[in-house]
Every structure is written in structure tokens, then in C-alpha cells.
Amino acid sequence: MSEAMPNAAIVLSAEALAAIDYEVAKYPAGKQASAVMSALRIAQKEKGYLANETIEYVAAYLSIPAIRAFEVATFYNMYDLKPVGQNKLCLCTNLPCMLNGALKTAAELKKQLGIDFGETTADGEWTLKEGECFGACAAAPAIIVNNEKMFENITPDKVATFLQEVAEQNQNKPAAQSQSKESTNPPDKI
Amino acid sequence: MANEVIFRHLESKGDLSDIEVYRSVGGYAALEKILREQTPAAELIDEIKSSGLRGRGGAGFPTGLKWSFIPRGLPCDIYLVCNADEGEPGTFKDREIMMRNPHQLIEGMAIGAYIIGATRGYNYIHGEIWETYEHMERMVQAATEAGFLGDNILGSDFSFHLFNHHGYGAYICGEETALLESLEGKKGQPRYKPPFPASHGLYSMPTTVNNVETFACVPYILQHGGDHFLELGKPNNGGTKLFSVSGHVKRPGNYEVPLGTPFTDLLDMAGGMRNGKKLKAVIPGGSSVPILPAEIMMELTMDYDAIGKAGSMLGAGSVIVMDESVCMVQALQRLSYFYYEESCGQCTPCREGTGWLHRVVKRIEEGDGKQEDLQLLVDVGNQIDGFTICALGAAAATPVRSFIQHFRSEFEAHIEGGKCPIPNCFLD
């Protein structure tokens, strides 16, 4: 599916394309559109966020109209359509988390990072988002880091340790998010 | 009698994610027996019907009956789909089943596929639980390598291929037709019913969609008999049920108890109320079901019929416990925001109405409400409920109506006082 790629500069790595091919193979022949959610997830992980060109590239790779991929990218709330910080924190504040102090955790996160929900720190290190139910209410308050790793029971007193742990973990694997820094859009307020 | 079906063997036998451990406690024996004896599907459906198993995802529809709707003998593909898109506030059981007893789910799906004649299945997993998705990817691979999934399973002519599909953050995809749209690679916007998925489901083919816990009950039922499962619970409410207890309890978590267990027993299992506070209210089945005040709740047994009679619903068994410190207006404000945020935008009454509900509750919470706002909220709710394609509209209206019904004086106090009587109740 490599002919007529819209933007060579956006090209995904061979590993990412292999991961997309693996997802495509889960669906019957001709139903490769079903893999668009996974393909966008894989592209986002490699690029840091989904630029329009990236979405178009994914659509072309799957041989589906670009609008199909845009509809998906804009509908599901874990896709980032603008650059985010190296560490994207998503805190659930829904009722069960709220009953367990999520609003206090939110206040502490905002204080320590110096940003509000929906914002990114000036150094591009941290983005803070407000999430809806993760399905982990016994672990309240719960935070998801970079869409993958869930941290449980982050009460306000654990915020400092939590931030330190996340910072250290991502220092050890610097590769993933570096593209977002090359972006022409400053990862400022989103 | 706790931990009889889903969590049996969990404490005694260790890691059931290890397929050999699962097999050592009788895992995959039900599937093996069916394939060896080539049990007719109709016989298996009768067994499941006799168990009284009702859908564990929230609707409580009888599973045996649902599977009997799938047309047989048509020259087309039939699909089996597991709804693991668990995002209803208060619900967290499916994640735990997939992490702690994944092969019972896989075996249940394989048996379900045999019964309805499906050769392909998908497990649609909630976007926010990536680690669970990765776990299930490994589990499906292990089951395939052991010969319980794939072509000609255990030497029979039954083939079933199972795949995991990862969601990416949309509550609405827990609605089965939205889930099917999403599986097709589209926005998760619910479809009109009819036609129902049993005739026009995934890729317009006959499809059944069941919850994780429902599938996980099936191997047990076929091993021990429908009657035995039924007797674990009470008539019309067969079996045990996982109750996800969250909120102001000492030990939040999943508790598997027989349907019909008194709420007070469940509360005790969860350690009782935290910090010696008094129980104020409970949402017994997830955020979309009516809230019940403590005095009603303390008299109830946990089953579909008893909770239904009390004016609420068992839902997915998601029990949100609130103590006396909770400001009901602020609690409702957060739930209303959730439905506003998660409305898919397809139907005007829901898209616009959920915004109205949230804005009006918010202004009451902030002390800017008017007396007529309470009637306005009820009216807006009534204009959503019943006028939308799917049940999210009704789900948004339900908390608003039931919070006002049971805690009206708190709303009036906000309006009359011009401020919240317990400001910062979630921040202190």
C-alpha cells in the first residue's frame, strides 16, 4: 500500500507500519478500515501527536478516505490533535474518583506543575488533562500517563513522588516523544 | 458462598492467567467436552436458559434467549463480540476479570461462538486500560498456541478466531451498536434498532454482543449445570454477581456474591463506611441508574428484581457509596458534566439537552440558581428521555431526576441561600 503517499516527510517507521499491518490482519479482507483506531494510536505514539498530515498518511496507508480517519481522530478523546508534553497526565475526576479526593489531587497537580487542565508547561515536559471514567474506581484517584500506564490511588500526599517517578521513567526512554519538540507548533497552551 | 463462579480458585490456585494453572482447575474442560461430544447448540442454549443468566453489562437481558435470536443455517459470517468497553462511572469489574481470570472469558467466548456458529470474535477493550489490552493480547496468543482458539479447535471441525480491539476513549462505545460502528472503524454513534445486531450487526452480519462477566459465567454453567447456577442466586436472578464497590468504603473493590445478598452484607464485606461516617446514599448500578437514599438501600437485597422494585436498577452491579459529607448538588454536577462530555452528538435532544442539564445544575451549585430551575431540569430531562436513538439520553436524565426526587431540600438550600451550604466539600 505504499504508492501515492501524500507526504513523504510524515512517513512512519518500518516498526510502526508493521504494527499497523498486524492490526489490519485482525479484520476480514477488505475491512481494513476497522484498523484505523489502532493505526492512529500507533502513529500518535511515534509522532507525539496527530498532525493533519499524519492522519492523511494513515488514511492513505489503509486505503480509506481521509475524512474517515479525521472523523475517528476527532471523535475519540485519547487522540491528541495538538502537541502535548513529554508526560501527558490524565486524571479522572468523575464521581467515584471525586469521592476519594480527586479534586484535591487535581489542585495539588496544578500547583506543583503550575498549569491548569488542558495546558502544557512552558518547557514542554508536562501536559495535564481531565479524564472521564477509566473503569478503575477502586483505585481512585487514578491517573493515566501517556495513554498507557495507569497509576492508582494518587492522593494529594503522593503527587510529588508520582511526578518524580514519571519523570525518571521517561528519562530512561527518551526516544518516543522527541518529534513533538521538532514541531513548528509550540507545545504551549492547548 | 462468595467467589463461586468468576473468582473461584483465585485465592487457592494462584495465577489463573497461566493457562496451565487454569487447566489444572478444570479450565477449558467445558469446551473440550462440548467439542468431543458435539453437543447440539439448542441443548446448550436450553442449559443457559435454565441457569437464569442475565446480561451482566447493565441491561440484564437473558443470555440464553439472546443467543437463540441468531439465525442459523445462513450462508454468511456470524460474529461474536465481547463488550469490554467498561466506562460507566462506578464500574470496574471487567478489567479485573481480564487481568485475573482471562481464560474463563476466552473459554466462554469460544463456547458462545460454537453455540451461535461464529467463526470470528472481537473483544472490544476500553481505551483507558492499555495494560489490560496488552495482557489480553498475550492471553489470546497463549490460548491459540494451546489449541483452544484458531482452526479446527482440538481436532474438531469448529474454528474460532478471537481478536482484541482497543478502544480510544469514548463512553458511548459501551452501547452495543456504537461499539459495532467503532469496530468498523467509524465514530461510535449508535444505530437505530431495529434491525438488531442479531440480524444486522458487525459488517451487517448476524452478531451477538455480550459483556465480559456474562461470557465468563458460561463455562461454569455448562460444567455444573444451569440449575446449580440458578440456585446460587434466586429465581429469575441466577448465579453470583460481581459488585464493584467504590466511594466512601474502607475496602473498595470487586466482591462476588450470590444475587439476592443483602446490601448490608455487601457493605460489611467492603469494610463498612470509612472514618465512622454515616451512609447517605448509594447509586446501586453505575452512574446511569437512579440514586437511592440510605434508608431504602439498607433494606434491599442486591438483585435485579429487588432493586428494580425499589425504583432503581442493578445495572452492571456498580455500587457507588456516599457518606453524609457529600453535597448532592456537586455530585450531580459532576455526573451531568460526564454525560454532556460523552454525548456523541448524533441526536439533538441529547446533544443540546445534556449541556442544558449540566449548565443549570452548575449554576445551582454555584448559588446562581432560581426556584424554577428544578422544574426546568425535570422538563429538560423528560424531553431527552425517550427521544434519542440510544439509552445515553435517558442515562443523562436519570441522575438529575432521581437526585432532585430524593434530595430536593439540598437543591432548594443552594437556591435560597445563594451558595453551597457545604462549600468545597470535595476539597476539604
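In what follows, chains are A, B, ... by sequence order, proteins preceding strands, each numbered from 1.
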Just do the side-chain contact (heavy atoms from CB on, under 4.5 Å) check on A/Ser34 and B/Tyr203 with the steps written out, would you?
-> CA-CA 10 Å; A/Ser34 286; B/Tyr203 311 127; 2.7 Å; yes
Between A/Val36, A/Thr74, A/Leu95, which residue shows the highest count of heavy-atom pairs closer than 4.5 Å to chain B?
-> A/Leu95
Counting heavy-atom pairs under 4.5 angstrom with chain B, the leader among A/Glu132, A/Arg68, A/Glu23 is A/Glu132
Taking the side chain as every heavy atom from C-beta outward, state whether B/Glu342 and A/Asn77 have any atom pair closer than 4.5 Å.
-> yes
Non-hydrogen side-chain atoms of A/Phe75 and B/Ile172 separated by less than 4.5 Å | yes
Out of B/Ser287, B/Gly87, B/Gly253, B/Pro89, which one racks up the most heavy-atom pairs below 4.5 Å with chain A?
-> B/Pro89
Name the orientation class of the two ring planes belonging to B/Tyr168 and A/Tyr79 (parallel below 30°, tilted from 30 to 60°, perpendicular beyond 60°).
-> tilted
Does any N or O in the side chain of A/Tyr27 come within less than 3.5 Å of the main-chain N or O of B/Leu183, such that one atom is a donor and the other an acceptor?
-> no
Minimum heavy-atom distance A/Ala25-B/Phe163, with the two atoms named | O-CE2, 4.4 Å
Per-residue contact mode, B/Val249 against chain A (heavy atom under 4.5 angstrom) = neither
Does the distance from a Lys or Arg side-chain N to an Asp or Glu carboxylate O, for B/Glu184 and A/Lys31, drop under 4.0 Å?
-> no
Separation between SG (A/Cys92) and CD (B/Glu128), nearest 0.5 Å, reads 9.0 Å
Most chain A-contacting option - heavy-atom pairs closer than 4.5 Å, from B/Thr91, B/Asp77, B/Val245 = B/Thr91
Chain A heavy atoms under 4.5 Å from B/Tyr122: which part of the residue, side chain, backbone, both or neither?
-> side chain
Any idea which of B/Arg251, B/Glu86, B/Lys187, B/His248 has the most non-hydrogen atom pairs under 4.5 angstrom with chain A?
-> B/Lys187
Where do A/Gly135 and B/Phe92 come nearest, in terms of heavy atoms and distance?
-> O-CB, 3.2 Å
Tell me, yes or no, whether the heavy-atom count around B/Lys362 atom NZ, taken from other residues, nucleotides or ligands under 6.0 Å, exceeds 12.
-> no
Under a 4.5 Å heavy-atom cut-off, does chain B meet the side chain of A/Met150, its backbone, both or neither?
-> both
A/Ala136 versus chain B, the contacting section by heavy-atom distance below 4.5 Å = both
Do A/Arg41 and B/Trp130 come close enough that some side-chain heavy atom pair is under 4.5 Å?
-> yes
Decide side-chain contact (heavy atoms from CB on, under 4.5 Å) for B/Arg334 and A/Leu103; before the verdict, give the C-alpha distance in whole Å, the side-chain angles of both, and the deciding distance to 0.1 Å.
-> CA-CA 11 Å; B/Arg334 185 61 185 84; A/Leu103 299 191; 6.0 Å; no
What option among A/Pro156, A/Ala106, A/Ala33, A/Ala35 has the most heavy-atom pairs under 4.5 Å with chain B?
-> A/Ala33
Interchain contact, A/Glu130 with chain B, by part (heavy-atom threshold 4.5 Å) = side chain
Examine whether an atom of B/Glu181 lies under 4.5 Å from a heavy atom of chain A, and if so say whether it belongs to the side chain, the backbone or both; otherwise answer neither.
-> neither
Proximal component of A/Tyr22, with respect to chain B [non-hydrogen, under 4.5 Å] = side chain
Heavy-atom closest pair (A/Asn94 atom, B/Leu335 atom, distance to 0.1 Å) is OD1-CD2, 3.6 Å
Interface moiety of B/Leu162 toward chain A, non-hydrogen atoms closer than 4.5 Å = neither
Is there a side-chain contact between B/Glu131 and A/Lys149 (heavy atoms, below 4.5 Å)?
-> yes
Could you tell me whether B/Arg100 atom CZ has more than 12 heavy atoms of other residues or ligands within 6.0 Å of it?
-> no
Select one option (side chain, backbone, both, neither) describing which atoms of B/Glu341 are under 4.5 Å from chain A's heavy atoms.
-> side chain
Nearest heavy atoms of A/Cys133 and B/Gly90, plus distance in Å | SG-N, 4.2 Å
Among A/Val72, A/Ile64, A/Thr93, A/Leu40, which has the most heavy-atom pairs under 4.5 Å with chain B?
-> A/Thr93
Heavy-atom contact with chain A under 4.5 Å, split by part of B/Cys173 | side chain
So which of B/His161, B/Glu96, B/Glu134, B/His166 has the biggest tally of heavy-atom pairs under 4.5 Å with chain A?
-> B/His166
Chain A contact via B/Arg274 - which portion, at a heavy-atom distance below 4.5 Å = side chain
Name the region of B/Ser182, side chain, backbone, both or neither, that has any atom closer than 4.5 Å to a heavy atom of chain A.
-> both
For B/Lys250, does the NZ atom have more than 12 heavy-atom neighbours from other residues, nucleotides or ligands under 6.0 Å away?
-> yes
Which of A/Ala142, A/Ser38, A/Ala69, A/Pro96 touches chain B most, by non-hydrogen pairs under 4.5 Å | A/Pro96
Counting distance only, does the side-chain N/O of B/Arg120 pair as donor-acceptor with the main-chain N or O of A/Lys26 below 3.5 Å?
-> yes
